[in-house]
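For the numbers below, each heavy atom of this structure counts, side chains included, while hydrogens, waters and symmetry mates do not.
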Amino acid sequence: MKKVILTGDRPTGKLHLGHYVGSLQNRLKMQADPNNHIFVMIADQQALTDNAKTPEKVQQSVTEVALDYLAVGLDPERTTIFIQSQIPQLPELTMYYLNLVTMARLQRNPTVKSEIQEKGFNESIPAGFFMYPVSQAADITAFKATHVPVGEDQRPMLEQTREIARDFNRIYGTETLVEPDIILPPKGHGRLVGVDGKGKMSKSLNNGIYLSDSEDEIQKKVMSMYTDPNHIRVEDPGQIEGNVVFTYLDVFDEDKEKVQELKDHYRKGGLGDVKIKRYLNEVLQARLKPIRERREEYAKDRDAVLEMLKSGSEKAERVAAETLAEVKAAMGINYF
Ligand code: TRP
């Protein structure tokens, strides 16, 4: 069956290993299936809902994220990569959808609730931020996406999108909008823990390894990684659970037997942190080197990257325009 897949990222910085295991790898797999039509959106408008005062950060991140996409192997010939703000039909759809959503419903969205806490908005919540789930419903329905691969934290957005699509179709007696299904990351590939072991890898916690990091930066981060604080002498038995080095080996090392041996040895005692870190460093360097090199190659010609984004945005706009025309026809506001 043909699937229309839409997903996106907020451009607020470069992409890291958490993005790689949580979403990019999955996109590459989906891209390889010719039955899939994939749209990948750089959600700059959504990023601006809480970065309105630093638009340059968002603007610069758009190209950085695009470079990360190309570096890991997203192929603009097969995947439509586009910039949200370049598709005027999206805010137009949002305007109509907003009338189908109550303030109370917006207030109930658990992801928005916790973001409001995290960002310390208190009583000064930007209205645009508060209603971004509706704008996200526009992103998804404009392309009649059947599937949306996202993390668990995005489930409330998908639920709201389905409600909006359902309500729209019922109220206006149409079948224009598609209710999308969520695709969650494969088990164990949810959000990767950061190098400090304290929380998920994220820019704000400054605990990430980036796809663009140099060999030295990667090595430094690996060597300072959180392990088992009670594993003081080499001969002490060590703990695997919560030990970031082993978490990463589980995710990134294809040699599962070797990982098992290392775990057994570490548990028993006699295997030092420096050794396992050096080994993880090799594994990660091997994985990241080709990505970084491709990224450097693409970064030599940023105009070409912008050209790619322009042509992707044009393609996306044509699709969104068709949906918008249907939406307006269903509402009877296609006057001329
Ligand atoms: N909210 C998503 C995030 O924070 C980004 C996003 C915006 C998105 N629009 C989307 C994801 C549409 C999937 C579909 O990661």
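Looking at R295 and E64, a side-chain N of the basic residue comes within less than 4.0 Å of a carboxylate O on the acidic one, giving a salt bridge. A salt bridge between K220 and D213 is absent, with no side-chain N of the basic residue lying under 4.0 Å from a carboxylate O of the acidic one. A salt bridge links E152 and R155; the closest N-O separation between the charged side-chain nitrogens and carboxylate oxygens is under 4.0 Å.
Here V58 is tied into one hydrophobic group with L48, each link being a pair of ILVMFWY side chains closer than 4.5 Å. Cluster note: L205 groups with no other residue, as no ILVMFWY side-chain heavy atom lies under 4.5 Å from it. M223 belongs to a hydrophobic cluster whose remaining members, ordered by chain and number, are V274; membership requires side-chain heavy atoms of ILVMFWY residues under 4.5 Å apart, directly or through intermediates.
Not counting sequence neighbours, the partners of P126 by the side-chain contact (heavy atoms from CB on, under 4.5 Å) test are F121, F129. A search for side-chain contact (heavy atoms from CB on, under 4.5 Å) contacts involving P180 returns I140, V148, L158, T161, R162, not counting sequence neighbours. The ring-ring contact (aromatic ring centres under 6.0 Å, His included) check on H147 picks up nothing, with sequence neighbours excluded. Remark: P149 engages I5, T7, N26, M30, I183 in a side-chain contact (heavy atoms from CB on, under 4.5 Å) (not counting sequence neighbours). Residues meeting the side-chain contact (heavy atoms from CB on, under 4.5 Å) test with T54, sequence neighbours left out: N51, E56, K57.
Taking the centre and axis of the six-membered ring of Y20, the NZ or CZ atom of R287 falls outside the cone set by 45° and 6.0 Å. Under the 6.0 Å distance and 45° angle rule, K275 does not count as a cation-pi partner of Y266.
Legend: salt bridge (Lys or Arg N to Asp or Glu O under 4.0 Å) pairs involving residues 319-331, not counting sequence neighbours, sorted by first then second residue: E92-K328, K144-E326. For residues 11-25, no residue pair satisfies the salt bridge (Lys or Arg N to Asp or Glu O under 4.0 Å) rule, not counting sequence neighbours. For residues 235-248, every residue pair satisfying the salt bridge (Lys or Arg N to Asp or Glu O under 4.0 Å) rule, not counting sequence neighbours, is listed here: R233-D236, E241-R267. Counting only residues at least two apart or on different chains, the salt bridge (Lys or Arg N to Asp or Glu O under 4.0 Å) pairs with a member in residues 39-52 are D50-K119.
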